[in-house]
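Per chain, numbering begins at 1; letters A, B, ... match sequence-line order.
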Amino acid sequence: MAVSHIRYLAVILILSSIPMLWYGEKLISPLNLDLQINPVEYFEYVLYSWQSRSSLGTSLTGQGWIFPSSMFFLVLSWLEIPGYIAVRIWYVLTLFTAGTTMYFYARYFIYNYAFEFKCDLSDNDSHIKDIALLAAIVYIANPYVVMHFDNGHFLIPYSILPLQFLILDKGLKTGDIYYAVLLAISSVLVTTNLPIVVINYIALYLYAGYYLIVYERKFTFKNIKFLAVLSLFIFLNLLWFYLPTAVAILNNDTTISGAISQESWELYGRSSSFSETFRLLGIWGLYSGGYEYSNYYINNPLGNIFTYFVPILALFGLLISRKSFQVYFLLFLIVFAIFMAVGGHASSPFRSFYIFLYENVPFFSMFRNGYKFVSLLTFAYVLLISLLAFELKKNKWFLSKVHPKIIYISIILVCILSALPLFTGKMFTEKNLATIPSYWQDVSSWLNEDLESSRILLLPDQYFDTYRWGGWGGFTSSVPYINHDLIYNSPAKNNNRVIQSLYTPLSQIYNSATNWIRDDVVEGDYCQMIGSLNVKYIIQRNDIDINIYNVSPPFMVRSFLNEKECVEYSRSFGELDVYKFIGERFPKYYIKKTNGVKDMQEHQ
Amino acid sequence: MKFKSLYFVFLVIVSNLIATASLAEDAILASQEIKSTNSPERNACCRSSIEYKRINPTKYRIRFHNLRSNFKFVFNERFDSGWKLYLIPYKKSRYNERLNRPDEMEASNELDVNVFVKDTNRYLNESIISLLNNKNSIETIQFISKPLHGAIQNNNLHNGLVYETWFPVTLENNNSDYVFNEDADENHLRILASILGKNYEGTVVEWPKVFHEKDKLGLNEWFMDLNILKELPQVKEGNIGYYFVDENNSIDFDVVVEYWPQRIVFIGYGVSLVSFVFCLILLVFLRFYTRSNQAFIKE
């Protein structure tokens with residue numbers, strides 16, 4: 001890499017680091033806490049298609065988390081880097097990758113654009129680099145990044161997208177197999193949530209088709225060979241990633257079908273609209289008040305104005321740029337992304353077409369969260385804004401009035417203001433930050449000494465576990481460190497009704513807010529039921545924040561457990577009370593006597 | 001064809017007789033179990049038991065001991081049709097191991113350890129645990145739980161190969177030619193018919209999926225019909241089989257319970273790894289070899 005790029009990359013690195021300067025030494029819970037504190041266990045968790053740690057076992061298609069995220073934390077833990085530092089490196093690296101790839105792609109894009117229109121580039125290369133830097137900054141600082149930043153995984157494909165476009169474009173122009181192989185290798189870097197990854201490939205293949213049909217207007221053998229090799233290697237390199245999910249969908253896996261029925265496209269798009277999508281907003285959670293920065297985008301006039309500035313700048317770019325096939329493709333990408341994001345909205349003219357696709361096209365339901373397509377919209381906006389900067393730089397009249405650096409800085413300022421929460425420490429609330437108390441490690445060590453395969457029942461019931469020390473929604477299995485199979489209530493509609501039945505007596509006493517999900521419970525003796533489920537220990541977590549979801553207070557749980565003859569208090573670790581089940585317990589496997597074939601028929 | 005049908009009717013009659021006999025045996029066993037609470041050692045040899053090991057979240061190895069009648073086998077995990085049960089054939093080494101009871105462990109000076117050693121030796125004598133991976137020293141032995149409802153977790157059982165259950169013989173044959181008997185269960189007959197004339201040669205056998213059920217708590221449950229099992233080859237000296245018959249006429253056999261979709265995942269890992277390595281090699285080749293050739297041609 002030429003030394004001349006280093007100062008630009010340094011700027012990108014500094015900007016990428018700012019969001020992580022605010023949160024002290026705490027773990028960050030929207031990114032899975034298991035990943036941060038126990039990456040080895042987490043790696044095993046995502047390696048297999050069944051996990052027995054929760055919900056009495058459930059199918060799992062989490063292979064997308066193996067690489068790069070799980071592997072990254074695993075390597076850092078081998079290097080003995082603490083989890084709270086590892087998570088900060090992860091976030092910074094995600095932004096830095098996004099900025100760097102866009103920097104190089106924007107530079108390439110502008111050169112191509114200038115070359116096509118025979119623009120004079122004799123002054124020097126540094127102006128192009130300035131524009132590329134501007135594009136990189138806008139790609140980091142925009143509302144889309146703010147909306148998906150906390151998740152920690154969803155920005156991976158977004159970060160790599162410019163690099164993929166760069167390789168693809170070079171490959172299409174030269175027909176060189178080398179680029180097909182290179183792109184196939186880069187595809188391994190882009191694995192996380194399946195739909196969000198597939199969106200990248202949709203965009204890439206749209207571009208390839210567009211290039212060959214609109215620009216080349218012919219299918220040469222070289223091009224066909226290039227695309228065939230590319231498709232083959234992407235197919236094979238990513239087989240490990242999508243095959244389990246595809247098989248699960250084809251087998252009507254209950255976890256996936258449950259998610260589809262529970263989270264429809266209407267639910268995801270309920271608060272969205274064309275205008276919200278236009279300004280790169282529209283994600284469901286923003287309007288439910290779940291984020292600290294919601295207020296900035298919904299009620300703050302500053303946030304409202306600057307989020308509209310970003311698309312307006314892109315529109316200016318579209319208007320004043322000379323119309324190359326690349327510009328037309330960006331326009332096409334914008335229309336496509338908006339259709340996929342809000343095509344089913346009540347005011348959409350394409351509503352019936354969208355619903356037809358949703359109901360009839362296989363796998364289309366995976367795109368029910370339309371906001372994920374806003375990544376393509378952002379990508380197009382950024383390139384149009386860089387074209388705007390380039391055209392203004394070439395405009396002699398404009399240059400006589402304003403210095404180009406002022407234009408660049410103004411655009412950067414507007415974009416940074418549109419993503420202000422990212423740079424002012426407003427991305428995570430106190431509940432999202434966690435320092436796990438040492439008693440959790442103590443109880444874990446104590447329980448992990450017991451190697452017998454058994455379950456632990458967690459009390460009290462809570463819809464999403466939130467501890468007073470933090471940790472909202474950040475755990476795979478609601479508790480830190482413990483490697484035994486666990487029973488806890490989860491919000492999933494397809495959750496085992498037996499599990500729900502275990503929490504019903506308590507919630508009925510307290511009239512808990514979570515009663516509504518228990519309309520179909522199993523009647524039976526409480527002790528018998530937990531014994532049948534191989535529960536050996538019960539942990540009452542007195543550090544749960546009982547004010548969230550209005551769960552049973554500790555004294556009530558204690559008196560409930562003390563009434564049970566099958567339960568005996570064992571010991572306490574800090575805020576945790578451990579009880580031992582002393583009733584008749586059934587193991588992981590056991591034999592049940594039967595009266596032969598007839599019994600089987602009766603059972604059926 | 002006629003002979004096959006007649007043979008099949010014969011099988012059905014025999015299996016019904018065995019089922020009736022097993023009911024009586026159940027009653028005897030039940031009374032034995034009640035008695036055994038007062039004197040555990042006396043009847044230990046006749047009690048049905050299982051030992052199991054969790055190999056990974058998608059694979060468990062289970063060894064059944066002293067079984068005499070049909071039973072239901074419960075796997076305490078949420079029901080999913082992806083879970084399959086495979087009968088594992090006994091290879092020669094396992095046969096020898098079965099004949100030669102493992103050595104008892106030597107006592108230790110430490111009190112806690114000694115309790116463990118004493119328990120383990122008792123389980124070995126009672127034949128409710130078997131394999132210790134030839135590790136009879138306290139330093140190398142893995143965890144062995146106390147019996148609970150006739151089940152012992154024995155982490156010394158071997159893991160087996162990843163692909164040991166791939167390409168199994170199935171015990172279901174929809175085109176089988178059998179005579180329907182309204183007193184017998186249709187699935188049962190179909191499975192019995194499918195066993196006829198198959199050549200197993202030590203292949204893993206997939207237990208019929210019609211016997212995989214959801215119990216009242218939504219857990220996995222398999223109906224284990226020993227009459228079907230007994231139609232498969234028995235282990236004898238020199239030949240591979242699926243079950244042992246003890247002196248007391250009870251049988252022992254091994255199964256693997258596996259979550260079927262995991263093999264898809266493994267296939268995906270394997271193919272992608274090979275493809276990725278191939279891509280890297282190809283990239284280096286294209287970068288240095290073909291480009292240097294191009295430069296040479298230009299010169």
Side-chain angles (χ1 to χ4, degrees), chain A residues 44-45 47-53 55-59 63 176-178 181-182 184-185 188 233 236-244 247-248 251 254 451-453 455 496-498 522 524 529 532-534 584-601 603-604, chain B residues 19 22-23 26 29-30 48-50 52 54 56-58 60 62 64 67 69-78 80 82 143 145 148-151 153 155 184-185 188 211 213 216-219 221 223 225 259 261-262 264-265 267-269 271-273 275-276 279-280 282-283 286-287 290:
Chain A
E44 194 199 73
Y45 175 81
L47 208 56
Y48 294 100
S49 54
W50 182 269
Q51 63 90 10
S52 47
R53 284 183 71 184
S55 303
L56 304 180
T58 181
S59 61
Q63 282 73 32
D176 193 342
I177 298 296
Y178 172 80
V181 178
L182 196 62
I185 289 174
V188 179
F233 283 127
L236 293 176
N237 281 357
L238 288 181
L239 197 70
W240 63 279
F241 166 60
Y242 61 76
L243 189 62
V247 170
N251 284 341
T254 50
L451 297 173
E452 190 188 0
S453 182
R455 289 199 175 94
N496 194 305
R497 66 195 184 100
V498 178
V522 176
M529 204 150 27
S532 300
L533 297 176
N534 192 19
E584 188 186 24
R585 180 166 65 87
F586 285 83
K588 186 83 174 179
Y589 284 99
Y590 57 93
I591 289 171
K592 208 155 86 175
K593 291 281 178 196
T594 173
N595 292 329
V597 180
K598 289 289 181 189
D599 184 77
M600 191 70 186
Q601 285 173 318
H603 194 73
Q604 284 170 340
Chain B
S22 68
L23 279 174
D26 276 350
L29 278 174
S48 304
S49 66
I50 53 174
Y52 64 91
R54 176 190 190 264
N56 63 49
T58 60
Y60 294 81
I62 297 107
F64 292 89
L67 291 160
S69 57
N70 298 340
F71 62 96
K72 280 182 178 172
F73 168 53
V74 180
F75 172 33
N76 207 321
E77 199 100 340
R78 183 209 284 250
D80 189 296
F143 174 74
S145 73
L148 186 65
H149 283 275
Q153 183 185 338
N155 288 1
D185 174 70
H188 183 79
F211 290 154
E213 281 280 296
K216 275 187 234 168
L217 290 176
L219 308 173
E221 183 177 85
F223 175 65
D225 188 335
Y259 189 59
Q262 185 59 33
I264 301 281
V265 176
I267 290 169
Y269 292 159
V271 171
S272 293
L273 188 67
S275 167
F276 184 70
C279 277
L280 287 177
L282 189 61
L283 193 75
L286 291 168
R287 177 80 184 169
T290 58

For the residue pair [X] and [Y], does the interplanar ring angle fall in the parallel (under 30°), tilted (30 to 60°) or perpendicular (over 60°) class?
{"X": "His149(B)", "Y": "Tyr590(A)", "result": "tilted"}
{"X": "Trp50(A)", "Y": "Tyr259(B)", "result": "tilted"}
{"X": "Tyr60(B)", "Y": "Tyr589(A)", "result": "perpendicular"}

Does any N or O in the side chain of [X] come within less than 3.5 Å of the main-chain N or O of [Y], such that one atom is a donor and the other an acceptor?
{"X": "Arg78(B)", "Y": "Thr58(A)", "answer": "no"}
{"X": "Gln262(B)", "Y": "Tyr48(A)", "answer": "no"}
{"X": "Gln153(B)", "Y": "Leu451(A)", "answer": "yes"}

Under 4.5 Å between any side-chain heavy atoms of [X] and [Y], yes or no?
{"X": "Phe276(B)", "Y": "Val188(A)", "answer": "yes"}
{"X": "Phe64(B)", "Y": "Ile591(A)", "answer": "yes"}
{"X": "Arg53(A)", "Y": "Pro57(B)", "answer": "no"}
{"X": "Leu56(A)", "Y": "Leu217(B)", "answer": "no"}

Check whether [X] gets within reach of chain A through its side chain, its backbone, both or neither, counting any heavy atom under 4.5 Å.
{"X": "Leu283(B)", "result": "both"}
{"X": "Tyr52(B)", "result": "side chain"}
{"X": "Leu280(B)", "result": "both"}

The interface call for Leu47(A) against chain B, heavy-atom contacts under 4.5 Å, is both
Toward chain B, the part of Arg585(A) with a non-hydrogen atom under 4.5 Å: both
Return the [atom1] to [atom2] distance between [X] and [Y], rounded to the nearest 0.5 Å.
{"X": "Ser52(A)", "Y": "Arg54(B)", "atom1": "OG", "atom2": "CZ", "answer": "4.5 Å"}
{"X": "Phe71(B)", "Y": "Lys592(A)", "atom1": "CZ", "atom2": "NZ", "answer": "12.5 Å"}
{"X": "Lys588(A)", "Y": "Ile62(B)", "atom1": "NZ", "atom2": "CD1", "answer": "10.5 Å"}

Count the heavy-atom pairs under 4.5 Å between each of Ile177(A), Leu243(A), Leu533(A), Asn534(A) and chain B, then report the option with the highest count. Leu533(A)
Of the listed residues (Asn237(A), Val181(A), Leu236(A), Leu182(A)), which shares the most heavy-atom pairs with chain B below a 4.5 Å separation? Asn237(A)
